[in-house]
Amino acid sequence: MCDHFPMQIQSPCVVALTWRLEDAQGQLIDELAQPVEFFYGGSDLLEQVEAAVLDQTVGFEASLHLEPEHAFGDYDAALVFFEERSVFPGSIAVGMQFEGVPDGAVTPDMPEDVLYTVTEVYPTHVVLDGNHPLAGRALRIHLKVQEVRAATVDEIETGTVGQPAFSVLNAMPPGPHLH
């Protein structure tokens, strides 16, 4: 790429973004005031976000509306279940997460490849939810490209710059932040 022209976003590269993420009613969900890097061409970004920034350069801004099927999917009530309280450690709390069904669980037939979040704790049972915290929600995102750079060999091999912000929601309890 010639030094006289800004680098365009193409796969593979790394793009640093800032954004404001809201629900469909305009309630703030997350805001990245400082740029965060994402691998473009992997799984760090949602498909429609990647499509919006393709061939763009530093300074590009976009406002997107994402229906659930283009964001984190529809809410699936089948991924919510009760489990015996005795299966969990004494320090169990809302927001804790488990990869797959916890050891000793008595609830049959729940997918093992899901990250379950504890949503409620009762004396005799615990409620686990395998849905993404933003599943079933339409979203609005206003983003700005702050930087574009070539991806390193390691980033290309792994397909990420680290922990992707959008998919990391699967590893975080519901709350005010995506990243």
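Quick note: residue numbers are just sequence positions, from 1.
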Report whether Met110 and Val87 are members of the same hydrophobic cluster (ILVMFWY, side-chain heavy atoms less than 4.5 Å apart, transitive linking). yes
Co-membership, hydrophobic cluster, residues Met7 and Val49, 4.5 Å side-chain: yes
Do Tyr116 and Phe81 pass the ring-ring contact (aromatic ring centres under 6.0 Å, His included) test, and can you show the C-alpha distance, the side-chain angles, and the key distance before you say yes or no? CA-CA 10 Å; Tyr116 292 98; Phe81 68 102; 5.3 Å; yes
Would you check if Leu128 and Leu79 make a side-chain contact, meaning some heavy-atom pair closer than 4.5 Å? no
In Å, rounded to the nearest 0.5 Å, how long is the span from SG of Cys13 to CD of Glu147? 10.5 Å
When you look at CD of Glu69, are more than 12 heavy atoms from neighbouring residues, nucleotides or ligands closer to it than 6.0 Å? yes
Any non-hydrogen side-chain atom of Phe39 less than 4.5 Å from a side-chain atom of Ile156? yes
Glu155 and Arg149 ion-paired at < 4.0 Å: yes
In terms of ring plane angle, is the pair His132 and Phe72 parallel, tilted or perpendicular, where the classes change at 30° and 60°? parallel
Please report the C-alpha distance between Val148 and Tyr40 in whole Å, then the side-chain angles of each, then the deciding distance to 0.1 Å, and finally whether the side-chain contact (heavy atoms from CB on, under 4.5 Å) criterion is met. CA-CA 10 Å; Val148 182; Tyr40 183 92; over 6 Å; no
Least distance between heavy atoms, Ala16 atom then Pro35 atom: CB-CB, 4.0 Å
Under the side chain to side chain donor-acceptor pair (under 3.5 Å) rule, what do Gln8 and Thr57 come out as? Steps first, then yes or no, please. CA-CA 5 Å; Gln8 286 187 314; Thr57 60; over 6 Å; no
Any chance CD of Glu47 has more than 12 other-residue heavy atoms, nucleotides or ligands included, within less than 6.0 Å? no
Is it the case that more than 12 heavy atoms not belonging to Glu61 sit under 6.0 Å from its CD atom? yes
Any side-chain to backbone donor/acceptor pair from Glu83 onto Val106? Under 3.5 Å, distance only. yes
For Leu28 and Arg20, what are the C-alpha separation, side-chain angles and deciding distance, and is it a side-chain contact (heavy atoms from CB on, under 4.5 Å)? CA-CA 7 Å; Leu28 179 67; Arg20 181 177 173 88; 3.5 Å; yes
Cluster overlap Leu54 with Leu64, hydrophobic side-chain contacts below 4.5 Å: yes
Looking only at non-hydrogen atoms, find the nearest pair between Leu66 and Ala71 and report the distance. CB-CB, 4.2 Å
I'd like to know if the side chain of Asn131 and the backbone of Ala135 have a donor-acceptor N/O pair within less than 3.5 Å. no
Which heavy-atom pair separates Thr18 from Leu32 by the least distance, and what is that distance? CB-O, 3.2 Å
Hey, does Leu17 have a side-chain heavy atom less than 4.5 Å from the side chain of Leu45? yes
Give me the atom names and distance for the closest heavy-atom approach of Asp44 to Val161. OD2-N, 3.4 Å
CZ (Arg137) and CD (Gln25) are apart, to the nearest 0.5 Å, by 8.0 Å
Contact between Leu134 and Asp23 at the side-chain level, heavy atoms closer than 4.5 Å - yes or no? no
Looking at Ile29 and Glu22, what are the two nearest heavy atoms and their distance? CD1-C, 3.7 Å
Grab the two heavy atoms, one from Val101 and one from Pro111, that are nearest each other, plus how far apart they are. CG2-O, 4.0 Å
Between Arg140 and Ala24 (side chain of the first, backbone of the second, donor and acceptor by atom type, cut-off under 3.5 Å), is there such a pair? yes
Linking I/L/V/M/F/W/Y whenever any side-chain heavy atoms sit under 4.5 Å apart, do Met96 and Phe82 land together? no
May I ask you to test the Pro102-Phe88 pair for a side-chain heavy-atom distance under 4.5 Å? yes
Just wondering, do Arg85 and Ile92 contact through their side chains at under 4.5 Å, heavy atoms? yes
Please check if the side chain of Glu50 supplies one atom and the backbone of Gly41 the other of a donor-acceptor pair under 3.5 Å. yes
Going by heavy atoms in the side chains, are Leu143 and Val53 under 4.5 Å from each other? yes
Is there a continuous path of hydrophobic side-chain contacts, each under 4.5 Å between heavy atoms, that joins Val127 to Val121? no
Test item: Asp129 side-chain N/O and Thr117 main-chain N/O as donor-acceptor pair under 3.5 Å: no
